[in-house]
Amino acid sequence: MISNKAGLISIFAKIYLILILSIFSIIQFNITAASKPFKSKNGMVVSANKIASKVGVEILKAGGNAVDAAVAVGFALAVTYPYAGNIGGGGFMVIHLQEGNNTTIDFRERAPFTAYRDMYLDKYGNVIENMSLEGAASVGVPGSVSGLIYALERYGTMKLSKVIQPAIDLADNGWTLESQDAESFYKFLEVFSKYPSSLRIFTNNGVPYKEGDLFKQPELAWTLKQIRDRGLDGFYKGKVSDLFVQQMMDMGGFITHADLEKYEPVEREPIIGSYREYKIISMAPPSSGGIALIQLLNILENFNFEKDEWGSSQYLHRIVEAMKYVFVDRTYHLGDADFYPVPIDDLISKEYAKTIFERIKDNAVPSAEIFTGDSLRYYESTETTHYSVYDNLGNAVSVTTTLNSAFGSKVVVEGAGFLLNNEMNDFSEKPGVSNQFGLLGTDANAIEPGKRMLSSMTPTIVLKDNKPYLILGSPGGSMIITTVLQVLMNCIDFNMNIQEAVDMPRIHHQWMPDKIYFEKFAINKDAMENLVKMGYDFSDMNDRITTIGLVQGIMIDQNNKIIYGASDSRGNGSAEGF
Ligand code: GLY
(Lines give C-alpha, C1' and ligand atoms only; values in the text may rest on other atoms or scores of the structure.)
Protein backbone atom coordinates (compact mmCIF):
# COMPACT_ATOMS: atom_id res chain seq x y z
CA MET A 1 0.00 0.00 0.00
CA ILE A 2 2.77 2.39 0.90
CA SER A 3 4.74 1.59 -2.23
CA ASN A 4 1.63 2.27 -4.35
CA LYS A 5 1.31 5.59 -2.67
CA ALA A 6 5.00 6.26 -3.08
CA GLY A 7 4.55 5.49 -6.80
CA LEU A 8 1.71 7.95 -7.08
CA ILE A 9 3.78 10.49 -5.28
CA SER A 10 6.64 10.11 -7.70
CA ILE A 11 4.28 10.88 -10.60
CA PHE A 12 3.03 13.95 -8.83
CA ALA A 13 6.61 14.79 -7.95
CA LYS A 14 7.37 15.39 -11.60
CA ILE A 15 4.33 17.63 -12.01
CA TYR A 16 5.15 19.68 -8.94
CA LEU A 17 8.90 19.81 -9.20
CA ILE A 18 9.24 22.88 -11.37
CA LEU A 19 6.66 24.73 -9.35
CA ILE A 20 8.31 23.88 -6.06
CA LEU A 21 11.82 24.63 -7.19
CA SER A 22 10.80 28.01 -8.45
CA ILE A 23 8.95 28.84 -5.24
CA PHE A 24 11.66 27.68 -2.86
CA SER A 25 14.37 29.49 -4.74
CA ILE A 26 12.74 32.83 -4.11
CA ILE A 27 14.10 34.70 -1.14
CA GLN A 28 10.92 35.62 0.53
CA PHE A 29 11.62 38.82 2.31
CA ASN A 30 11.09 42.39 1.32
CA ILE A 31 13.16 45.21 2.60
CA THR A 32 11.40 48.44 2.45
CA ALA A 33 12.17 51.55 4.37
CA ALA A 34 8.41 52.10 4.47
CA SER A 35 7.65 48.81 6.27
CA LYS A 36 4.83 49.62 8.63
CA PRO A 37 3.81 47.53 11.61
CA PHE A 38 0.22 46.60 12.34
CA LYS A 39 -1.28 48.92 14.97
CA SER A 40 -3.79 48.23 17.72
CA LYS A 41 -4.93 49.59 21.04
CA ASN A 42 -6.27 46.68 23.04
CA GLY A 43 -4.19 43.63 22.38
CA MET A 44 -1.91 41.96 19.88
CA VAL A 45 -0.95 38.46 18.81
CA VAL A 46 1.85 37.84 16.32
CA SER A 47 2.66 34.35 15.09
CA ALA A 48 4.01 32.54 12.05
CA ASN A 49 0.49 31.42 11.12
CA LYS A 50 -2.47 33.70 10.38
CA ILE A 51 -5.14 31.30 11.63
CA ALA A 52 -3.34 30.84 14.94
CA SER A 53 -2.86 34.61 15.37
CA LYS A 54 -6.60 35.09 14.85
CA VAL A 55 -7.38 32.38 17.40
CA GLY A 56 -5.28 34.27 19.94
CA VAL A 57 -7.00 37.59 19.28
CA GLU A 58 -10.44 36.01 19.65
CA ILE A 59 -9.40 34.80 23.10
CA LEU A 60 -8.25 38.32 24.01
CA LYS A 61 -11.52 39.76 22.71
CA ALA A 62 -13.44 37.23 24.80
CA GLY A 63 -11.76 38.66 27.90
CA GLY A 64 -8.79 36.33 28.15
CA ASN A 65 -5.41 37.64 29.20
CA ALA A 66 -2.15 37.27 27.26
CA VAL A 67 -1.44 33.87 28.82
CA ASP A 68 -4.89 32.53 27.87
CA ALA A 69 -4.30 33.76 24.32
CA ALA A 70 -0.78 32.31 24.19
CA VAL A 71 -2.00 28.89 25.28
CA ALA A 72 -4.77 28.99 22.66
CA VAL A 73 -2.20 29.96 20.01
CA GLY A 74 0.10 27.13 21.13
CA PHE A 75 -2.62 24.51 20.64
CA ALA A 76 -3.82 26.10 17.38
CA LEU A 77 -0.29 26.07 15.92
CA ALA A 78 -0.16 22.30 16.49
CA VAL A 79 -3.07 22.07 14.03
CA THR A 80 -2.42 24.84 11.53
CA TYR A 81 1.40 24.95 11.52
CA PRO A 82 2.50 21.31 11.83
CA TYR A 83 5.87 22.31 10.41
CA ALA A 84 6.89 23.55 13.89
CA GLY A 85 3.78 24.14 16.00
CA ASN A 86 3.24 21.13 18.21
CA ILE A 87 1.92 19.12 21.10
CA GLY A 88 4.69 16.55 20.58
CA GLY A 89 7.59 18.96 21.15
CA GLY A 90 8.65 21.52 23.71
CA GLY A 91 9.54 25.13 24.26
CA PHE A 92 9.90 28.09 26.57
CA MET A 93 7.52 30.81 27.68
CA VAL A 94 8.71 34.15 29.10
CA ILE A 95 6.05 36.14 30.94
CA HIS A 96 5.91 39.71 32.21
CA LEU A 97 2.86 40.19 34.40
CA GLN A 98 0.94 43.42 34.72
CA GLU A 99 2.00 43.67 38.39
CA GLY A 100 5.60 43.95 37.20
CA ASN A 101 7.00 40.50 37.99
CA ASN A 102 8.69 38.30 35.42
CA THR A 103 8.84 34.54 35.16
CA THR A 104 9.52 31.77 32.67
CA ILE A 105 8.14 28.32 32.03
CA ASP A 106 10.52 25.67 30.75
CA PHE A 107 8.66 22.94 28.89
CA ARG A 108 11.70 21.69 27.02
CA GLU A 109 11.77 18.01 26.13
CA ARG A 110 13.83 15.66 28.30
CA ALA A 111 15.96 12.66 27.53
CA PRO A 112 14.11 9.42 28.31
CA PHE A 113 15.15 7.63 31.51
CA THR A 114 16.75 4.84 29.47
CA ALA A 115 18.90 7.34 27.52
CA TYR A 116 22.66 7.21 27.92
CA ARG A 117 25.60 9.26 26.82
CA ASP A 118 26.70 7.18 23.85
CA MET A 119 23.28 6.05 22.67
CA TYR A 120 23.84 7.43 19.18
CA LEU A 121 27.34 5.97 18.71
CA ASP A 122 28.23 2.71 17.02
CA LYS A 123 30.62 0.15 18.48
CA TYR A 124 33.54 2.11 17.06
CA GLY A 125 32.40 5.28 18.79
CA ASN A 126 31.17 6.97 15.64
CA VAL A 127 27.90 8.85 15.42
CA ILE A 128 25.24 6.69 13.74
CA GLU A 129 23.99 8.81 10.90
CA ASN A 130 20.47 10.15 11.28
CA MET A 131 19.68 8.17 14.43
CA SER A 132 19.14 11.28 16.58
CA LEU A 133 17.64 13.19 13.67
CA GLU A 134 14.77 11.11 12.39
CA GLY A 135 12.47 8.33 13.52
CA ALA A 136 11.39 7.13 16.95
CA ALA A 137 14.89 7.01 18.47
CA SER A 138 15.30 10.77 18.00
CA VAL A 139 12.30 11.71 20.14
CA GLY A 140 12.68 13.52 23.45
CA VAL A 141 9.91 13.36 26.07
CA PRO A 142 7.52 16.12 24.96
CA GLY A 143 6.76 19.04 27.25
CA SER A 144 4.40 21.28 25.29
CA VAL A 145 1.07 20.02 26.65
CA SER A 146 2.38 20.11 30.19
CA GLY A 147 3.89 23.59 29.76
CA LEU A 148 0.79 25.09 28.20
CA ILE A 149 -1.49 23.65 30.87
CA TYR A 150 0.86 24.81 33.62
CA ALA A 151 0.94 28.35 32.20
CA LEU A 152 -2.85 28.44 31.94
CA GLU A 153 -3.47 27.16 35.45
CA ARG A 154 -0.87 29.41 37.04
CA TYR A 155 -1.24 32.63 35.05
CA GLY A 156 -4.30 32.34 32.82
CA THR A 157 -7.90 33.13 33.64
CA MET A 158 -9.81 30.79 31.33
CA LYS A 159 -10.57 27.10 31.42
CA LEU A 160 -8.57 24.67 29.30
CA SER A 161 -11.77 23.64 27.52
CA LYS A 162 -12.19 27.23 26.27
CA VAL A 163 -8.69 27.87 25.00
CA ILE A 164 -8.17 24.46 23.39
CA GLN A 165 -11.55 24.40 21.61
CA PRO A 166 -10.49 26.51 18.59
CA ALA A 167 -7.69 24.01 17.90
CA ILE A 168 -10.13 21.11 18.17
CA ASP A 169 -12.53 22.81 15.76
CA LEU A 170 -9.74 23.49 13.28
CA ALA A 171 -8.61 19.87 13.41
CA ASP A 172 -12.17 18.51 13.17
CA ASN A 173 -13.58 20.84 10.53
CA GLY A 174 -10.34 21.36 8.65
CA TRP A 175 -8.74 24.50 7.35
CA THR A 176 -7.85 25.56 3.85
CA LEU A 177 -4.27 24.99 2.84
CA GLU A 178 -2.36 27.93 1.45
CA SER A 179 0.36 27.35 -1.11
CA GLN A 180 3.14 27.41 1.48
CA ASP A 181 1.37 24.74 3.55
CA ALA A 182 0.91 22.38 0.60
CA GLU A 183 4.50 23.03 -0.45
CA SER A 184 5.87 22.30 2.99
CA PHE A 185 4.01 18.95 3.11
CA TYR A 186 5.18 18.18 -0.40
CA LYS A 187 8.80 18.92 0.35
CA PHE A 188 8.86 16.18 2.98
CA LEU A 189 6.75 13.53 1.24
CA GLU A 190 9.69 11.34 0.46
CA VAL A 191 10.68 11.11 4.08
CA PHE A 192 7.04 10.83 5.24
CA SER A 193 6.71 7.84 2.95
CA LYS A 194 8.98 5.93 5.36
CA TYR A 195 6.35 6.36 8.07
CA PRO A 196 2.85 5.14 7.08
CA SER A 197 1.13 7.11 9.86
CA SER A 198 2.78 10.32 8.63
CA LEU A 199 2.20 9.69 4.94
CA ARG A 200 -1.47 9.12 5.64
CA ILE A 201 -1.80 12.45 7.44
CA PHE A 202 0.20 14.60 5.03
CA THR A 203 -1.27 13.28 1.78
CA ASN A 204 -4.81 13.23 0.51
CA ASN A 205 -5.19 9.44 0.13
CA GLY A 206 -1.65 9.26 -1.18
CA VAL A 207 -1.98 12.27 -3.45
CA PRO A 208 -0.10 15.44 -2.47
CA TYR A 209 -2.24 18.15 -1.01
CA LYS A 210 -2.51 21.35 -2.99
CA GLU A 211 -3.39 24.94 -2.29
CA GLY A 212 -7.11 25.32 -1.55
CA ASP A 213 -7.59 21.77 -0.23
CA LEU A 214 -9.38 21.37 3.08
CA PHE A 215 -7.00 19.77 5.59
CA LYS A 216 -8.81 17.81 8.30
CA GLN A 217 -7.05 16.00 11.16
CA PRO A 218 -9.67 13.88 12.99
CA GLU A 219 -7.08 11.87 14.94
CA LEU A 220 -5.38 15.03 16.18
CA ALA A 221 -8.83 16.38 17.11
CA TRP A 222 -9.42 13.21 19.15
CA THR A 223 -6.12 13.70 21.00
CA LEU A 224 -6.90 17.35 21.70
CA LYS A 225 -10.31 16.30 23.07
CA GLN A 226 -8.56 13.83 25.41
CA ILE A 227 -6.48 16.75 26.67
CA ARG A 228 -9.54 19.02 26.91
CA ASP A 229 -11.49 16.44 28.93
CA ARG A 230 -8.72 14.92 31.07
CA GLY A 231 -6.06 17.63 31.22
CA LEU A 232 -2.50 16.32 31.61
CA ASP A 233 -3.76 12.76 31.99
CA GLY A 234 -5.34 13.02 28.56
CA PHE A 235 -1.86 13.17 27.04
CA TYR A 236 0.64 11.75 29.50
CA LYS A 237 -1.55 8.82 30.67
CA GLY A 238 -4.30 6.70 29.19
CA LYS A 239 -5.08 6.04 25.54
CA VAL A 240 -2.92 8.72 23.96
CA SER A 241 0.11 7.63 25.95
CA ASP A 242 -0.60 3.99 25.07
CA LEU A 243 -0.53 4.85 21.36
CA PHE A 244 2.62 6.93 21.87
CA VAL A 245 4.47 4.15 23.69
CA GLN A 246 3.27 1.56 21.19
CA GLN A 247 4.77 3.68 18.40
CA MET A 248 8.05 3.80 20.31
CA MET A 249 8.08 0.03 20.78
CA ASP A 250 7.22 -0.63 17.14
CA MET A 251 9.91 1.69 15.82
CA GLY A 252 12.85 1.41 18.20
CA GLY A 253 12.15 4.47 20.33
CA PHE A 254 13.19 4.92 23.96
CA ILE A 255 10.21 6.65 25.57
CA THR A 256 8.14 4.65 28.06
CA HIS A 257 5.00 5.27 30.11
CA ALA A 258 7.23 6.25 33.05
CA ASP A 259 8.87 9.00 30.95
CA LEU A 260 5.49 10.45 30.01
CA GLU A 261 3.94 10.21 33.46
CA LYS A 262 6.93 11.83 35.15
CA TYR A 263 7.39 14.73 32.74
CA GLU A 264 7.12 18.09 34.49
CA PRO A 265 7.59 21.66 33.29
CA VAL A 266 9.79 23.89 35.43
CA GLU A 267 9.02 27.47 36.34
CA ARG A 268 12.39 29.21 36.33
CA GLU A 269 13.74 32.62 37.17
CA PRO A 270 14.38 34.46 33.93
CA ILE A 271 17.84 35.55 32.90
CA ILE A 272 17.80 39.31 33.43
CA GLY A 273 20.21 41.84 32.00
CA SER A 274 20.25 45.39 30.77
CA TYR A 275 21.13 47.12 27.56
CA ARG A 276 21.51 50.88 27.75
CA GLU A 277 18.36 52.02 29.61
CA TYR A 278 16.40 48.86 28.81
CA LYS A 279 15.88 45.75 30.90
CA ILE A 280 16.15 42.40 29.09
CA ILE A 281 14.10 39.41 30.32
CA SER A 282 14.96 36.16 28.62
CA MET A 283 15.23 32.40 29.00
CA ALA A 284 17.60 30.61 31.37
CA PRO A 285 19.24 27.21 30.73
CA PRO A 286 18.50 24.72 29.34
CA SER A 287 18.29 27.42 26.73
CA SER A 288 21.52 29.17 25.92
CA GLY A 289 19.46 31.98 24.41
CA GLY A 290 19.06 34.33 27.35
CA ILE A 291 22.66 34.07 28.52
CA ALA A 292 24.09 34.46 25.03
CA LEU A 293 21.83 37.41 24.18
CA ILE A 294 22.71 39.26 27.38
CA GLN A 295 26.41 38.51 26.94
CA LEU A 296 26.26 39.93 23.42
CA LEU A 297 24.42 43.03 24.57
CA ASN A 298 26.83 43.53 27.48
CA ILE A 299 29.77 43.48 25.08
CA LEU A 300 28.13 45.71 22.47
CA GLU A 301 26.90 48.24 25.02
CA ASN A 302 30.51 49.42 25.22
CA PHE A 303 30.22 50.80 21.69
CA ASN A 304 28.13 53.76 20.63
CA PHE A 305 26.43 53.12 17.34
CA GLU A 306 25.52 56.16 15.27
CA LYS A 307 22.08 56.01 13.68
CA ASP A 308 23.51 55.89 10.16
CA GLU A 309 26.07 53.22 11.01
CA TRP A 310 23.69 50.30 10.36
CA GLY A 311 25.18 47.90 7.80
CA SER A 312 28.62 49.53 7.85
CA SER A 313 31.69 47.31 7.98
CA GLN A 314 32.54 48.78 11.39
CA TYR A 315 29.15 47.81 12.82
CA LEU A 316 29.24 44.33 11.27
CA HIS A 317 32.81 43.76 12.47
CA ARG A 318 31.87 44.63 16.04
CA ILE A 319 28.80 42.45 16.25
CA VAL A 320 30.56 39.53 14.53
CA GLU A 321 33.53 39.63 16.91
CA ALA A 322 31.15 39.68 19.88
CA MET A 323 29.27 36.70 18.42
CA LYS A 324 32.47 34.65 18.16
CA TYR A 325 33.35 35.07 21.84
CA VAL A 326 29.82 34.36 22.99
CA PHE A 327 29.52 31.20 20.91
CA VAL A 328 32.78 29.86 22.32
CA ASP A 329 31.28 30.20 25.79
CA ARG A 330 28.04 28.68 24.63
CA THR A 331 29.90 25.64 23.35
CA TYR A 332 31.92 25.01 26.46
CA HIS A 333 29.76 26.17 29.34
CA LEU A 334 26.11 25.81 28.43
CA GLY A 335 23.85 22.87 29.16
CA ASP A 336 20.95 21.96 31.43
CA ALA A 337 21.88 23.75 34.68
CA ASP A 338 19.97 21.10 36.67
CA PHE A 339 22.69 18.64 35.59
CA TYR A 340 25.73 20.78 34.94
CA PRO A 341 27.17 23.80 36.80
CA VAL A 342 26.64 26.56 34.25
CA PRO A 343 28.57 29.69 35.40
CA ILE A 344 25.59 31.93 34.71
CA ASP A 345 26.58 34.94 36.83
CA ASP A 346 30.07 35.08 35.37
CA LEU A 347 28.85 34.77 31.82
CA ILE A 348 26.33 37.60 32.09
CA SER A 349 28.49 39.95 34.16
CA LYS A 350 29.28 43.37 32.72
CA GLU A 351 32.90 42.97 33.89
CA TYR A 352 33.40 39.82 31.87
CA ALA A 353 31.83 41.51 28.83
CA LYS A 354 34.26 44.40 29.24
CA THR A 355 37.21 42.02 28.95
CA ILE A 356 35.82 40.73 25.66
CA PHE A 357 35.09 44.26 24.43
CA GLU A 358 38.73 45.16 25.09
CA ARG A 359 39.85 42.34 22.82
CA ILE A 360 37.83 43.61 19.86
CA LYS A 361 40.28 45.60 17.77
CA ASP A 362 40.32 46.78 14.16
CA ASN A 363 40.60 43.40 12.43
CA ALA A 364 38.94 40.00 12.60
CA VAL A 365 40.50 37.64 15.11
CA PRO A 366 40.44 34.16 13.55
CA SER A 367 38.06 31.88 15.45
CA ALA A 368 40.86 29.36 15.95
CA GLU A 369 42.77 31.97 17.95
CA ILE A 370 39.82 32.82 20.11
CA PHE A 371 39.70 29.26 21.29
CA THR A 372 41.49 26.57 19.41
CA GLY A 373 39.22 23.70 18.67
CA ASP A 374 37.96 21.34 16.11
CA SER A 375 35.41 22.61 13.66
CA LEU A 376 32.51 22.06 15.99
CA ARG A 377 29.18 22.23 14.26
CA TYR A 378 25.90 23.02 15.85
CA TYR A 379 23.35 20.47 14.97
CA GLU A 380 20.45 22.61 15.89
CA SER A 381 17.89 22.90 13.27
CA THR A 382 16.24 26.00 11.95
CA GLU A 383 12.64 24.95 12.16
CA THR A 384 11.07 26.24 15.29
CA THR A 385 8.43 28.90 15.75
CA HIS A 386 7.83 31.94 17.91
CA TYR A 387 4.76 33.90 18.96
CA SER A 388 4.33 37.09 20.95
CA VAL A 389 1.23 38.28 22.80
CA TYR A 390 0.31 41.50 24.62
CA ASP A 391 -2.96 42.30 26.33
CA ASN A 392 -4.62 45.52 27.40
CA LEU A 393 -3.75 44.90 31.06
CA GLY A 394 -0.04 45.04 30.36
CA ASN A 395 0.72 41.29 30.41
CA ALA A 396 3.34 40.22 27.88
CA VAL A 397 4.05 36.66 26.76
CA SER A 398 6.91 35.52 24.54
CA VAL A 399 6.90 31.85 23.48
CA THR A 400 9.29 29.88 21.32
CA THR A 401 8.33 26.28 20.66
CA THR A 402 9.75 23.55 18.49
CA LEU A 403 9.72 20.03 17.14
CA ASN A 404 13.39 20.75 16.29
CA SER A 405 13.55 19.95 12.55
CA ALA A 406 10.70 20.70 10.20
CA PHE A 407 7.97 18.19 11.16
CA GLY A 408 10.33 16.95 13.91
CA SER A 409 11.20 13.26 13.78
CA LYS A 410 8.73 12.99 10.84
CA VAL A 411 6.84 10.40 12.89
CA VAL A 412 3.13 10.90 13.55
CA VAL A 413 1.75 8.80 16.40
CA GLU A 414 -0.55 6.26 14.72
CA GLY A 415 -4.12 6.84 15.83
CA ALA A 416 -3.29 10.02 17.73
CA GLY A 417 -2.44 12.24 14.77
CA PHE A 418 0.37 14.35 16.21
CA LEU A 419 3.99 14.69 15.20
CA LEU A 420 6.87 13.83 17.50
CA ASN A 421 9.96 15.95 17.94
CA ASN A 422 13.54 14.98 17.11
CA GLU A 423 14.95 17.07 19.92
CA MET A 424 17.50 14.44 21.04
CA ASN A 425 19.66 15.83 18.25
CA ASP A 426 20.15 19.01 20.29
CA PHE A 427 22.35 17.08 22.73
CA SER A 428 26.05 16.63 22.05
CA GLU A 429 26.08 13.12 20.73
CA LYS A 430 29.81 12.78 21.20
CA PRO A 431 31.02 15.33 23.75
CA GLY A 432 34.62 16.31 24.12
CA VAL A 433 36.02 15.15 20.81
CA SER A 434 35.95 18.53 19.17
CA ASN A 435 38.46 19.99 21.57
CA GLN A 436 42.06 18.99 20.84
CA PHE A 437 43.15 20.26 24.27
CA GLY A 438 40.93 17.71 25.94
CA LEU A 439 38.69 20.29 27.61
CA LEU A 440 35.44 18.74 28.66
CA GLY A 441 33.34 21.75 27.87
CA THR A 442 30.84 20.01 25.68
CA ASP A 443 30.11 17.58 28.51
CA ALA A 444 27.80 20.36 29.60
CA ASN A 445 25.39 19.12 26.97
CA ALA A 446 26.09 15.38 27.07
CA ILE A 447 23.12 13.00 27.14
CA GLU A 448 21.94 11.92 30.58
CA PRO A 449 18.63 10.32 31.60
CA GLY A 450 15.99 12.97 32.32
CA LYS A 451 18.25 15.85 31.23
CA ARG A 452 17.03 18.63 28.95
CA MET A 453 18.99 19.21 25.76
CA LEU A 454 20.60 22.61 25.20
CA SER A 455 18.54 25.03 23.17
CA SER A 456 19.13 28.35 21.48
CA MET A 457 15.55 29.50 21.76
CA THR A 458 15.46 33.09 22.95
CA PRO A 459 11.94 34.22 23.78
CA THR A 460 12.56 37.72 25.10
CA ILE A 461 10.74 40.67 26.62
CA VAL A 462 12.42 44.08 26.77
CA LEU A 463 11.23 46.55 29.38
CA LYS A 464 11.55 50.33 29.31
CA ASP A 465 10.83 51.99 32.66
CA ASN A 466 9.79 48.53 33.81
CA LYS A 467 6.95 48.32 31.26
CA PRO A 468 6.98 46.08 28.16
CA TYR A 469 8.62 47.72 25.17
CA LEU A 470 9.48 44.73 22.97
CA ILE A 471 8.24 41.14 22.87
CA LEU A 472 10.14 39.04 20.38
CA GLY A 473 11.75 35.76 19.39
CA SER A 474 12.55 33.63 16.38
CA PRO A 475 13.25 30.16 15.03
CA GLY A 476 16.64 29.44 13.50
CA GLY A 477 18.68 27.11 15.74
CA SER A 478 21.91 28.86 16.67
CA MET A 479 20.79 31.77 14.47
CA ILE A 480 17.95 32.53 16.88
CA ILE A 481 20.34 34.27 19.24
CA THR A 482 21.94 36.50 16.61
CA THR A 483 18.56 37.20 15.02
CA VAL A 484 17.02 38.42 18.27
CA LEU A 485 20.16 40.49 18.92
CA GLN A 486 19.93 42.30 15.61
CA VAL A 487 16.20 43.02 15.80
CA LEU A 488 16.61 44.34 19.31
CA MET A 489 19.52 46.58 18.27
CA ASN A 490 17.60 47.75 15.20
CA CYS A 491 14.93 49.09 17.57
CA ILE A 492 17.15 50.45 20.32
CA ASP A 493 20.27 51.64 18.51
CA PHE A 494 18.86 52.45 15.09
CA ASN A 495 15.42 53.69 16.03
CA MET A 496 13.55 51.48 13.57
CA ASN A 497 9.90 50.67 13.94
CA ILE A 498 9.23 47.02 14.76
CA GLN A 499 8.36 46.02 11.18
CA GLU A 500 11.54 47.60 9.79
CA ALA A 501 13.59 46.07 12.60
CA VAL A 502 12.18 42.61 11.88
CA ASP A 503 12.45 42.83 8.10
CA MET A 504 15.98 44.21 7.76
CA PRO A 505 18.46 41.64 6.43
CA ARG A 506 20.62 39.83 8.95
CA ILE A 507 24.02 38.28 9.37
CA HIS A 508 25.22 35.46 11.61
CA HIS A 509 28.49 34.13 13.00
CA GLN A 510 28.79 31.30 15.50
CA TRP A 511 32.55 31.10 16.01
CA MET A 512 32.90 27.81 14.17
CA PRO A 513 32.81 27.60 11.21
CA ASP A 514 34.74 30.86 10.94
CA LYS A 515 32.42 32.44 8.39
CA ILE A 516 29.90 35.21 8.27
CA TYR A 517 26.53 33.92 7.10
CA PHE A 518 24.45 36.64 5.53
CA GLU A 519 21.16 37.26 3.85
CA LYS A 520 20.78 38.96 0.52
CA PHE A 521 21.25 42.74 0.94
CA ALA A 522 22.76 42.41 4.43
CA ILE A 523 26.26 43.38 3.32
CA ASN A 524 26.78 45.94 0.57
CA LYS A 525 29.78 45.97 -1.74
CA ASP A 526 31.79 48.56 0.22
CA ALA A 527 31.19 46.82 3.52
CA MET A 528 32.10 43.47 2.00
CA GLU A 529 35.38 44.83 0.63
CA ASN A 530 36.28 46.30 4.00
CA LEU A 531 35.35 43.12 5.84
CA VAL A 532 37.50 41.06 3.49
CA LYS A 533 40.42 43.40 4.24
CA MET A 534 39.77 42.91 7.96
CA GLY A 535 40.20 39.16 7.44
CA TYR A 536 36.65 37.83 7.24
CA ASP A 537 35.44 34.84 5.28
CA PHE A 538 31.85 34.42 4.11
CA SER A 539 29.38 31.65 3.48
CA ASP A 540 27.22 32.03 0.42
CA MET A 541 24.40 30.41 2.43
CA ASN A 542 23.59 28.07 -0.44
CA ASP A 543 24.78 25.12 1.54
CA ARG A 544 22.46 25.86 4.38
CA ILE A 545 19.64 28.37 4.18
CA THR A 546 18.62 31.53 2.39
CA THR A 547 17.10 33.37 5.30
CA ILE A 548 18.10 33.95 8.89
CA GLY A 549 15.32 33.73 11.48
CA LEU A 550 11.59 34.42 11.27
CA VAL A 551 10.75 36.97 13.92
CA GLN A 552 7.31 37.62 15.40
CA GLY A 553 7.60 40.85 17.33
CA ILE A 554 5.57 43.42 19.25
CA MET A 555 6.64 46.96 20.20
CA ILE A 556 4.60 48.94 22.69
CA ASP A 557 4.49 52.72 22.83
CA GLN A 558 3.50 53.02 26.48
CA ASN A 559 3.19 56.82 26.35
CA ASN A 560 0.59 56.80 23.60
CA LYS A 561 -0.85 53.38 24.47
CA ILE A 562 -0.28 51.98 20.99
CA ILE A 563 0.70 48.38 20.33
CA TYR A 564 2.64 47.66 17.13
CA GLY A 565 2.87 44.12 15.75
CA ALA A 566 5.22 42.79 13.08
CA SER A 567 5.27 39.35 11.55
CA ASP A 568 8.49 38.77 9.63
CA SER A 569 8.00 39.36 5.92
CA ARG A 570 10.24 36.34 5.28
CA GLY A 571 7.25 34.17 6.23
CA ASN A 572 3.48 34.01 5.99
CA GLY A 573 2.43 34.81 9.51
CA SER A 574 0.42 37.75 10.75
CA ALA A 575 0.05 40.34 13.43
CA GLU A 576 -3.56 40.49 14.60
CA GLY A 577 -4.97 42.92 17.10
CA PHE A 578 -8.03 44.84 18.11
N1 GLY B 1 15.79 22.93 18.42
C2 GLY B 1 16.26 24.23 18.34
C3 GLY B 1 16.59 24.84 19.65
O4 GLY B 1 16.07 24.39 20.66
O5 GLY B 1 17.36 25.76 19.73
Side-chain angles (χ1 to χ4, degrees), residues 48 74 77 81-94 104-111 120 132-134 138-144 147 265-266 268 271 282-293 296 323 326-327 330-331 334-337 342 376-387 398-410 419-429 442 444-445 447 451-460 472-485 508 510-511 517 544-545 547-552:
L77 284 169
Y81 196 63
Y83 186 76
N86 67 83
I87 54 172
F92 301 107
M93 181 181 288
V94 176
T104 75
I105 300 167
D106 163 3
F107 51 99
R108 182 70 162 164
E109 299 91 329
R110 299 198 318 197
Y120 298 112
S132 71
L133 259 180
E134 196 194 298
S138 69
V139 183
V141 184
S144 290
V266 185
R268 297 187 189 276
I271 292 288
S282 195
M283 195 63 219
S287 186
S288 60
I291 290 177
L293 176 67
L296 282 162
M323 288 172 189
V326 168
F327 272 91
R330 184 198 184 279
T331 304
L334 270 287
D336 181 349
V342 179
L376 185 76
R377 277 192 58 222
Y378 291 101
Y379 292 98
E380 288 167 66
S381 135
T382 57
E383 288 84 4
T384 293
T385 193
H386 181 84
Y387 52 101
S398 187
V399 185
T400 312
T401 181
T402 188
L403 288 165
N404 198 11
S405 300
F407 303 102
S409 62
K410 316 295 186 284
L419 277 158
L420 294 169
N421 68 81
N422 62 339
E423 218 69 58
M424 290 300 285
N425 191 250
D426 270 352
F427 279 117
S428 304
E429 293 168 296
T442 53
N445 191 31
I447 303 171
K451 186 177 178 181
R452 286 156 149 91
M453 55 295 285
L454 185 61
S455 170
S456 292
M457 292 190 276
T458 315
T460 298
L472 76 166
S474 175
S478 52
M479 297 188 182
I480 294 173
I481 296 164
T482 50
T483 293
V484 171
L485 172 80
H508 172 77
Q510 59 179 44
W511 172 59
Y517 293 84
R544 190 162 172 178
I545 52 165
T547 57
I548 294 177
L550 189 73
V551 177
Q552 313 299 330

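In listed order, ligands and their atoms are each counted from 1.
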Is there a donor-acceptor pair under 3.5 Å between the side chain of Ser456 and the backbone N or O of Gly289?
no

Check for a donor-acceptor pair, side chain of Ser398 on one end and backbone N or O of Thr460 on the other, with a separation under 3.5 Å.
yes

Quick check on contacts: which atoms of ligand 1 are under 4.0 angstrom from a heavy atom of Asp426?
1 (N), 2 (C), 3 (C), 4 (O)

Numbering the atoms of ligand 1 from 1, which are under 4.0 Å from a heavy atom of Arg108?
4 (O)

Non-hydrogen atoms of Glu423 versus ligand 1: any pair closer than 4.0 Å?
yes

State, without any angle test, whether Thr400 and His386 hold a side-chain donor-acceptor pair at a distance under 3.5 Å.
yes

No-hydrogen, no-angle side-chain donor-acceptor test under 3.5 Å, Asn425 and Ser132
yes

Between Asn404 and ligand 1, is there a nitrogen or oxygen pair with a distance under 3.5 Å?
yes

